[in-house]
Student: 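Let me give you the structure first, and then I'll get to my questions.
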Amino acid sequence: MTKIALPLLPEAQAFSDAAHGLHAPHFPWEHRKPWKSYDHAALRRGYQVYKEVCSACHSMKLVAFRNLIGVTHTEAEVKAIAAEYEYTDGPDEKGEYFKRPGRPSDYFPSPYPNEEAARAANNGAYPPDMSCINKARHGEEDYIFSILTGYCDPPAGVKIREGLHYNPYFPGGAIGMARNLYDEVVEYEDGSPNNASQLAKDVATFLSWASYPEHDDRKRMGLKSLFICSIGIGLSVWWKRHKWSYVKSRKVVYRPDLAGIRKV
Amino acid sequence: MASAFIRGLYSSIFRRTSTFTVAVIGAAFVAEAAIDSGTDAVWDYLNKDRQWKDIRSLYIEKAEE
């Protein structure tokens, strides 16, 4: 590792160290542009990838089925999706717990009942909840995409213990999750190409929406407020200068009292 | 000609505080509606085919089956 130390300055490092994780490159996400919304077709595909691949291990406890209405699915579709799952509800009048089909108001089901079960099923590694994962990771969707597509053989001399997998983008390099996104592992209902890179892109976009559900509204309001504020600032500047013009255009003249005659 | 219009405007609306206030509130109402629909139109143009309302039609019929 190359370290350059200059007096009184912190150390400069030439490249990411393994403990930090390889810095994910910046991909040209369309929705990162200031006035671009999410691509809702991509969000829908991303949800499909999450549901079919990721939800086997990763929970998303803070997202409810109803959050998808008007974003990725219609109300009828969401009701049907929720009804596929079984939820334990109760207690009823007899004090018993019962099972019922899911409703749009339910939150996404967790694959494991608790963290201990999740760790036990995954070699001690806890698959994190995905509800705010973009906010919780430096690099956000760049990181998610890089992690999902970045699996490779470890460099010579690096040993990864049994049960872990090498991923340069993961801090430390040894990630508990195996590679899950391969070409055509999900069949898109809209017929979009489903290579691994597209799957990763769509699921990263979906997870970005999960972290920032207000994104589209926020940007639209930002457009509106910038427009109004620039008019407001323009008017304010003009108004101030108009009022101050009397002060700014006055002349102050010093007339020396040479003969000592004038009395003020 | 324009000056006569401005003079008329002043004497009928801007001279009295009460009428001025009504004019400000009314203008704000109209301006907000105009700016809202204007920015929505700009937003929709910039985000053509990206929003839910653009892809909604593909799924509404299926849901009604």
Side-chain angles (χ1 to χ4, degrees), chain A residues 29-48 65-83 104 188-192 202 205-206 208-209 213 215-232 235, chain B:
Chain A
W29 301 95
E30 193 69 18
H31 62 257
R32 280 305 214 179
K33 293 178 184 165
W35 309 125
K36 285 284 182 182
S37 69
Y38 285 126
D39 179 0
H40 285 245
L43 292 181
R44 192 181 167 102
R45 294 193 297 267
Y47 170 69
Q48 191 185 346
F65 291 105
R66 58 176 171 78
N67 296 130
L68 298 173
I69 301 177
V71 176
T72 54
H73 294 79
T74 64
E75 189 181 343
E77 287 181 315
V78 163
K79 283 185 179 155
I81 292 169
Y188 279 139
E189 41 161 35
D190 64 355
S192 299
D202 289 335
T205 308
F206 173 69
S208 181
W209 167 80
H215 171 276
D216 288 4
D217 276 336
R218 171 171 41 93
K219 284 187 175 174
R220 193 174 47 85
M221 282 198 257
L223 239 190
K224 185 174 151 194
S225 64
L226 271 185
F227 178 64
I228 294 174
C229 285
S230 49
I231 293 176
L235 282 172
Chain B
M1 187 187 79
S3 169
F5 168 70
I6 304 246
R7 245 186 272 271
L9 211 58
Y10 171 76
S11 56
S12 61
I13 297 176
F14 295 139
R15 188 170 169 164
R16 264 183 281 165
T17 309
S18 55
T19 51
F20 196 171
T21 313
V22 169
V24 166
I25 293 170
F29 196 78
V30 171
E32 168 138 30
I35 290 171
D36 269 355
S37 58
T39 47
D40 280 350
V42 171
W43 176 257
D44 289 340
Y45 170 73
L46 291 170
N47 289 293
K48 197 114 184 65
D49 296 328
R50 290 175 66 79
Q51 297 186 87
W52 169 246
K53 56 188 179 191
D54 302 314
I55 61 168
R56 183 179 175 269
S57 53
L58 298 167
Y59 306 106
I60 270 287
E61 306 101 15
K62 285 186 202 165
E64 280 166 6
E65 273 172 31

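Lettering of chains follows the sequences in order, A, B, ..., and the numbering in each one begins at 1.
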Student: For A:E30, look at atom CD and say whether over 12 heavy atoms of other residues, nucleotides or ligands are found less than 6.0 Å away.
Tutor: yes
Student: Look up atom CD1 in B:I55 and atom NE2 in A:H73, then write down how far apart they are to the nearest 0.5 Å.
Tutor: 9.0 Å
Student: Heavy-atom count around B:R16 CZ within 6.0 Å, excluding the residue itself: above 12?
Tutor: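 Counting other residues, nucleotides and ligands, CZ of B:R16 stays at 12 neighbours or fewer.
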Student: Flag the pair B:R50 / A:H31 as yes when at least one side-chain heavy-atom distance between them is below 4.5 Å, and no otherwise.
Tutor: yes
Student: Could you tell me which portion of A:K219 (side chain, backbone, both or neither) has an atom closer than 4.5 angstrom to a non-hydrogen atom of chain B?
Tutor: both
Student: I'd like to know which of A:D216, A:I231, A:D190 tops the heavy-atom pair count under 4.5 Å against chain B.
Tutor: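 If we count pairs closer than 4.5 Å to chain B, A:D216 comes out on top.
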Student: Are B:V42 and A:L223 side-chain neighbours, meaning at least one heavy-atom pair lies under 4.5 Å?
Tutor: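 In short, these two side chains touch, coming nearer than 4.5 Å.
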Student: Looking only at heavy atoms, what is the nearest atom pair of B:W43 and A:W35, with distance?
Tutor: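 Heavy atoms of B:W43 and A:W35 come nearest at CZ3-O, 3.5 Å.
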Student: Testing B:N47, B:D40, B:T39 for side-chain hydrogen bond (donor to acceptor under 3.5 Å, both in side chains) with A:R220, which one passes?
Tutor: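 With A:R220 as partner, B:N47, B:D40, B:T39 yield a single side-chain hydrogen bond (donor to acceptor under 3.5 Å, both in side chains), made by B:D40.
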Student: Quick check on B:L46 against chain A: is it the side chain, the backbone, both or neither that has a heavy atom closer than 4.5 Å?
Tutor: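 Both parts, heavy atoms under 4.5 Å.
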Student: What part of A:I228 is in contact with chain B, defined as an atom under 4.5 angstrom from a non-hydrogen atom: side chain, backbone, both or neither?
Tutor: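 For A:I228, side-chain heavy atoms alone lie under 4.5 Å from chain B.
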Student: To the nearest 0.5 Å, how far apart are CG in B:D36 and CE in A:M221?
Tutor: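 It is 10.5 Å, given to the nearest 0.5 Å.
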Student: Would you please test A:R44 and B:W52 for side chain to side chain contact (heavy atoms under 4.5 Å, CB included) and show each step?
Tutor: CA-CA 10 Å; A:R44 192 181 167 102; B:W52 169 246; 4.2 Å; yes
